[in-house]
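A note on names: the letters A, B, ... follow the listed sequences, proteins ahead of strands, and every chain is numbered from 1.
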Protein chains: 2
Amino acid sequence: MAKFNDVVIVGFGLIGSSLARALKKADPEIEITAVDKNHDYLNYAMDNNLADAAYDYFDSYLAAADIIVICTPVGQMGATAEAIAPFVTSKTIITDVGSVKQSVIDAVEKVLPYSEMFVPAHPIAGAEKSGPSAGFDSLFVNRWLIITPIDETDLQAVERVTALWELCGANIDFMEPRHHDLVLAITSHLPHLIAYSIVGTATNMAEDLQREVIKYSAGGFRDFTRIAGSDPVMWRDIFIENKESVLDVLQRFNEDLSELQKAIRQDKGEFLQSQFTKTREIRNAVVDSGQAGRAPYEEK
Amino acid sequence: MAKFNDVVIVGFGLIGSSLARALKKADPEIEITAVDKNHDYLNYAMDNNLADAAYDYFDSYLAAADIIVICTPVGQMGATAEAIAPFVTSKTIITDVGSVKQSVIDAVEKVLPYSEMFVPAHPIAGAEKSGPSAGFDSLFVNRWLIITPIDETDLQAVERVTALWELCGANIDFMEPRHHDLVLAITSHLPHLIAYSIVGTATNMAEDLQREVIKYSAGGFRDFTRIAGSDPVMWRDIFIENKESVLDVLQRFNEDLSELQKAIRQDKGEFLQSQFTKTREIRNAVVDSGQAGRAPYEEK
């Protein structure tokens with residue numbers, strides 16, 4: 001497997017900057033080009049030696065790239081691909097890190113001149129804070145990178161994207177795009193929506209009560225605020241782009257919550273205890289799967 | 001403040017055993033008596049020098065106690081107090097660690113011969129695992145201990161309970177019982193109910209999908225499984241004993257969730273982004289309050 005010479009990272013926030021860090025650590029000879037409209041992000045990249053070049057526009061420099069990684073919020077990926085399109089060659093691999101795959105594929109594939117070189121992908125990794133200063137080089141270590149190829153996708157391009165993420169310490173897996181979107185709606189999108197909602201409930205409370213909720217947040221609420229502190233633009237896009245699966249799993253959740261609500265109202269202790277015993281088994285399965293340990297960012 | 005000579009801990013699970021550990025560490029001369037119907041728990045207490053005596057029944061040994069701490073699930077506290085009642089003196093302080101206060105007060109106060117010696121209290125601390133082997137001596141360090149006195153409560157008894165928990169490193173606060181139950185419904189009971197529900201949704205899925213949900217749980221679901229791994233009996237009791245406040249805050253939550261659901265369905269990106277920005281402010285307030293750091297148990 002040939003080495004990577006020139007990697008262009010479009011969108012230099014938490015994920016983009018962490019990717020740069022991980023690649024530079026794995027192979028200091030990789031040339032990294034940072035692209036972002038935010039000049040603070042570009043300055044950060046150059047000042048911290050995370051990039052060898054930085055641009056706030058797309059131009060012919062893109063033709064020199066082995067691989068372009070789109071790390072913008074998912075709602076901007078189509079427009080980003082369209083802006084990149086005039087400058088890519090038939091050898092330029094284009095991949096992304098979007099948390100939603102089908103809508104990104106729909107938006108990106110049609111605007112690229114060589115759609116066989118597009119490798120849709122999603123690293124299951126994140127952190128509470130956003131922006132390049134929140135990034136770190138171990139973000140992807142032992143995390144899953146899910147590739148969701150489309151019919152046209154070139155196999156060698158997939159191998160190159162696999163190699164790129166293996167350099168960062170990720171484990172690679174493959175899925176159908178729509179199935180990815182359903183699984184992630186359950187494991188990530190619904191939990192975020194719920195956390196946003198429960199913390200949002202506190203924002204509507206009287207000031208005194210809100211102060212107490214914050215003070216005594218250690219009983220469980222605190223864990224939700226961490227999730228509900230995630231990037232607002234990124235998550236706005238995810239919910240809208242994965243609307244169908246999110247609303248589907250939300251419906252299932254609402255049905256199950258109503259059942260618990262009814263059991264509480266009717267003092268059905270046995271039912272509650274049996275439900276809570278089942279969820280404990282799921283917890284044990286998560287622990288057994290090796291996914292229960294803290295993500296690297298949590299160990300910082 | 002006189003020292004504690006003899007502390008009786010009734011219910012020797014996670015909280016009871018952690019209290020024993022913390023007290024023994026602070027003052028090895030305190031005599032601790034463990035009471036539990038589970039002989040494995042009593043053996044664990046004696047084998048690990050967490051208690052100086054162990055009983056599976058109540059008897060005249062209780063009369064020697066300075067203070068009796070009831071650490072059973074909240075649904076059993078009334079019956080426990082009733083069984084203790086014949087053996088207590090007018091100087092025996094009785095306190096508890098229940099996560100719900102009004103219903104415990106209602107159940108306990110009427111069966112005690114000296115209700116002025118009852119000091120209702122609640123340490124806001126916990127861990128994922130239950131049972132005495134899951135306990136540890138720093139569980140209460142820098143955590144809140146909320147005392148919810150009733151009209152009759154003797155002030156000196158309150159001071160002694162305060163001293164006991166300060167020995168364990170806790171910070172003390174005071175609240176009205178019903179207000180405590182509302183605040184905790186928001187900060188702890190609702191988050192647990194939601195986590196039980198969302199993880200419960202996964203238990204109803206086809207086996208293949210469930211396996212994938214577990215495998216890719218790092219995207220947010222994992223954090224909910226930790227909460228949903230909490231003790232089923234303890235939480236069954238909490239929801240039923242604090243039914244009124246739990247159903248009240250659940251209603252507010254459902255209304256807010258419906259609003260987010262509608263916004264997703266109607267592509268209202270601006271609304272979503274503005275809601276998620278507000279919740280981020282709550283996260284920042286939690287961080288500023290010093291409650292965002294991991295609980296000691298999370299650092300293990």
Side-chain angles (χ1 to χ4, degrees), chain A residues 124 144 183-184 186-188 191-194 196-203 212-225 227-229 232-233 235-236 239-240 243 246 250 252-253 256-257 260-261 264 267 269 272-273 275-280 282-283 285-286 289 291-292 295, chain B residues 124 144 183-184 186-188 191-194 196-203 212-225 227-229 232-233 235-236 239-240 243 246 250 252-253 256-257 260-261 264 267 269 272-273 275-280 282-283 285-286 289 291-292 295:
Chain A
I124 302 189
W144 289 105
V183 171
L184 268 288
I186 302 165
T187 60
S188 177
H192 276 78
L193 187 66
I194 298 302
Y196 276 125
S197 189
I198 198 170
V199 177
T201 301
T203 67
E212 287 180 306
V213 167
I214 289 163
K215 183 171 176 184
Y216 303 112
S217 61
F221 187 79
R222 181 187 57 187
D223 297 339
F224 287 70
T225 65
I227 300 176
V233 173
W235 282 96
R236 173 200 71 191
F239 293 127
I240 288 177
K243 181 193 299 191
V246 168
L250 181 54
R252 300 190 209 187
F253 167 80
D256 293 338
L257 184 59
L260 290 180
Q261 186 170 11
I264 292 171
D267 289 320
L272 293 174
Q273 187 180 341
Q275 290 299 108
F276 302 167
T277 304
K278 283 187 211 161
T279 56
R280 202 169 218 193
I282 296 267
R283 172 59 181 173
V286 168
S289 77
Q291 290 297 308
Chain B
I124 302 189
W144 288 105
V183 171
L184 268 288
I186 301 164
T187 60
S188 177
H192 275 78
L193 186 66
I194 298 301
Y196 276 126
S197 189
I198 198 169
V199 177
T201 301
T203 67
E212 286 179 308
V213 167
I214 289 163
K215 183 171 175 184
Y216 303 112
S217 62
F221 187 79
R222 180 187 58 186
D223 298 338
F224 288 71
T225 64
I227 300 176
V233 172
W235 282 96
R236 173 200 70 190
F239 294 127
I240 288 177
K243 180 192 300 190
V246 168
L250 180 55
R252 300 190 209 187
F253 167 79
D256 293 337
L257 184 59
L260 290 180
Q261 186 170 11
I264 292 171
D267 289 321
L272 293 175
Q273 187 180 342
Q275 291 300 109
F276 302 166
T277 305
K278 281 187 211 159
T279 56
R280 202 170 217 192
I282 296 265
R283 172 59 181 174
V286 168
S289 77
Q291 291 296 309

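- Put simply, OG on A:S289 and CD1 on B:I214 are 7.0 Å apart, with the number rounded to the nearest 0.5 Å.
- Exactly one residue among B:I282, B:I227, B:V286, B:D223 makes a side-chain contact (heavy atoms from CB on, under 4.5 Å) with A:F224. That residue is B:I227.
- Scanning both residues, A:S188 and B:G219, for their nearest heavy atoms gives OG-O, 3.0 Å.
- Heavy atoms only, all atoms of each residue included: B:A228 and A:T279 are closest at O-OG1, 3.0 Å.
- When all heavy atoms of A:P191 and B:G220 are compared, the closest pair comes out as CB-C, 4.0 Å.
- Both the backbone and the side chain of A:I194 come within contact range of chain B, with heavy atoms under 4.5 Å apart.
- Heavy atoms closer than 4.5 Å to chain B are found in both the backbone and the side chain of A:Q273.
- For a residue to count as touching a neighbouring chain, one of its non-hydrogen atoms must lie under 4.5 Å from one of that chain's; by this rule A:L193 touches chain B with backbone and side chain alike.
- The candidate with the highest count of non-hydrogen atom pairs below 4.5 Å against chain A, out of B:T225, B:V183, B:L260, is B:T225.
- A 4.5 Å side-chain heavy-atom check between B:F253 and A:L257 finds at least one atom pair inside the cut-off.
- Most heavy-atom pairs under 4.5 Å with chain A, from the set B:V233, B:I240, B:T277: that is B:I240.
- Proximity to chain B is limited to the side chain of A:L250, based on heavy atoms less than 4.5 angstrom apart.
- The OH atom of A:Y216 sits 6.5 Å away from atom CD1 of B:I124, with the distance rounded to the nearest 0.5 Å.
- Within the 4.5 Å cutoff, side-chain heavy atoms of B:K243 are placed close to those of A:D267.
- The side chain to side chain donor-acceptor pair (under 3.5 Å) check on A:T201 picks up B:D256, with sequence neighbours excluded.
- Taking A:F221 as the reference, nothing meets the ring pair (Phe, Tyr, Trp, His ring centres under 6.0 Å) condition, with sequence neighbours excluded.
- Here the closest heavy-atom approach between residue B:F276 and residue A:R236 is recorded as CE1-N, 3.8 Å.
- For the set B:L184, B:L272, B:V213, B:V246, the count of heavy-atom pairs under 4.5 angstrom toward chain A peaks at B:V213.
- For B:E212, the parts sitting under 4.5 Å from any heavy atom of chain A are the backbone and the side chain alike.
- Once rounded to the nearest 0.5 Å, the distance linking NZ of A:K278 with OH of B:Y196 reads 14.0 Å.
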